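What you are looking at is a predicted structure, and each value in this text was computed from that prediction instead of being measured. We're numbering straight along the sequence, starting at 1. Whatever order the structure lists ligands and atoms in, that order sets their numbers, starting from 1.
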Amino acid sequence: MRALVFEEFGGPLTVRSVPEPAPGPDGVVVQVGASGICRSDWHGWSGHDPDVVLPHVPGHELAGTVAAVGDRVRNWSVGDRVTVPFVCACGHCPPCREGAGQVCLNQTQPGFTHWGSLAELVALDAADVNLVALPDGMPLATAAALGCRFATAYRAVTGVGRVAPGEWVAVHGCGGVGLSAVQVAVAAGARVVAVDVSPGALELAAACGAEHLVDGTAGDVPAAVAELTGGGAHVSLDALGAAVTCVDSIRSLRRRGRHVQVGLLPPAVGRPEVPMELVLAGELAVLGSHGMAAADYPAMLSLIEAGRLRPELLVTRRLGLDDAGAALAAVGREPGIAVVTSF
Ligand SMILES: [Zn+2]
Ligand SMILES: [Zn+2]
């Protein structure tokens, strides 16, 4: 099969022929119909993820059709249209038993712990735990955006941030996950302040329903958020994953506000100096959010089917696999989400 491969961290990303995967006894192989390109792929390629073993095939935001099924899989057959969370859970460890598969102790992640979906075929583990059936009529390119960024933002805003109608939400970083968070927060009835350094990203944030836009290059971001929101946001998200956006997010909160860390922040990009004096004095909550388990997808999918959430608005570029390497190396330079739709 054709796949995008890198042999060294930060090295050339080339499309070449590699052996086809076979399904494990509990797994499936999916024929990839669409695969998004995400900042996490860039982290993996850059050598920031200790799970990645060379040579490697990136890609974790996928949708496609089941092509082969392991012996022990009960719920899925060849031809089913599916997506998966980027964290594939085992289904039996303590967090999984509590319904928190997104922090599974034995998790696998396509494109990180094994070869991913920037390829014609991808193997997925524990299919009965992790596969999500796509509604009829949902295009694969739209569904590919759900597997990581949209689902991650949905859970960060609703499940972890517990955003309530009328609250102010600040979103720091308006890439794929940030734009998704803007949309989800607006749908939840919140008022949104979007922060980014790119005018194109801020334009998309406005189209997703942000009420105020803050240029991240122009001065004191937390002070700007405090002024626009009458004292600070109730909920603030670092949707980029950088020391500066993390600290700005915490400083943007009003008393008893909730910071949600949703952008990956590996130590290689620098650890933030969290202002714990503000956390204590303001009784701030500092929360982490890591994807979303497959069992939590139906509520989000029904909002999408009802037209209240529109992930397709975030897909700004469709590429062939041959252009995926250049797009991966340049993640963040163009607004919106790039999705590979031909392999
Ligand atoms: Zn587990
Ligand atoms: Zn991702």
Side-chain angles (χ1 to χ4, degrees), residues 4 24 26-27 32 34-46 48-49 51-52 56-63 83-118 122 124-132 141-156 173-181 237-241 261-266 269 289-297 300 311 314-317 324 327-332 336-340:
L4 182 70
D26 298 306
V32 182
S35 183
I37 296 174
C38 171
R39 194 170 181 80
S40 316
D41 296 313
W42 178 86
H43 280 302
W45 171 66
S46 300
H48 299 163
D49 188 323
D51 288 334
V52 173
H56 188 66
V57 176
H60 61 283
E61 300 192 343
L62 69 120
T83 188
V84 275
F86 76 90
V87 175
C88 287
C90 73
H92 51 73
C93 72
C96 279
R97 285 202 302 269
E98 291 165 11
Q102 75 280 354
V103 289
C104 171
L105 299 179
N106 312 307
Q107 64 189 254
T108 59
Q109 300 182 6
F112 301 98
T113 59
H114 62 281
W115 283 9
S117 57
L118 287 167
V122 64
L124 302 169
D125 295 327
D128 286 332
V129 177
N130 295 304
L131 293 195
V132 176
T142 302
L146 301 179
C148 167
R149 284 171 282 194
F150 205 86
T152 295
Y154 178 82
R155 186 162 169 282
C174 293
V177 75
L179 292 172
S180 305
L237 295 94
D238 173 11
L240 174 66
Q261 186 64 40
V262 58
L264 291 186
L265 197 38
V269 302
S289 189
H290 189 240
M292 183 165 86
D296 294 329
Y297 270 58
M300 176 182 73
L314 308 180
V315 178
T316 50
R317 284 157 289 146
L328 194 161
V331 150
I337 292 179
V339 178
V340 175

Calculate the angle formed at the Zn ion (ligand 1) by SG in Cys93 and SG in Cys96; 10° precision is enough.
110°
For His60, run the ring-ring contact (aromatic ring centres under 6.0 Å, His included) check against Phe112, Trp42, Trp115 and tell me which one passes.
Phe112
With a 3.5 Å distance limit and no angle check, can you tell me whether Asn130 reaches the backbone of Ala89 through a side-chain donor-acceptor pair?
yes
Check whether any side-chain N or O of Gln102 sits under 3.5 Å from a backbone N or O of Cys104 as a donor-acceptor pair, and report yes or no.
no
Is the distance between the Zn ion (ligand 1) and the nearest N/O/S atom of Cys90 smaller than 2.8 Å?
yes
When you draw lines from the Zn ion (ligand 2) to SG of Cys148 and to NE2 of His60, what angle lies between them, to the nearest 10°?
120°
Do the non-hydrogen side-chain atoms of Val331 and Asp41 ever get within less than 4.5 Å of each other?
no
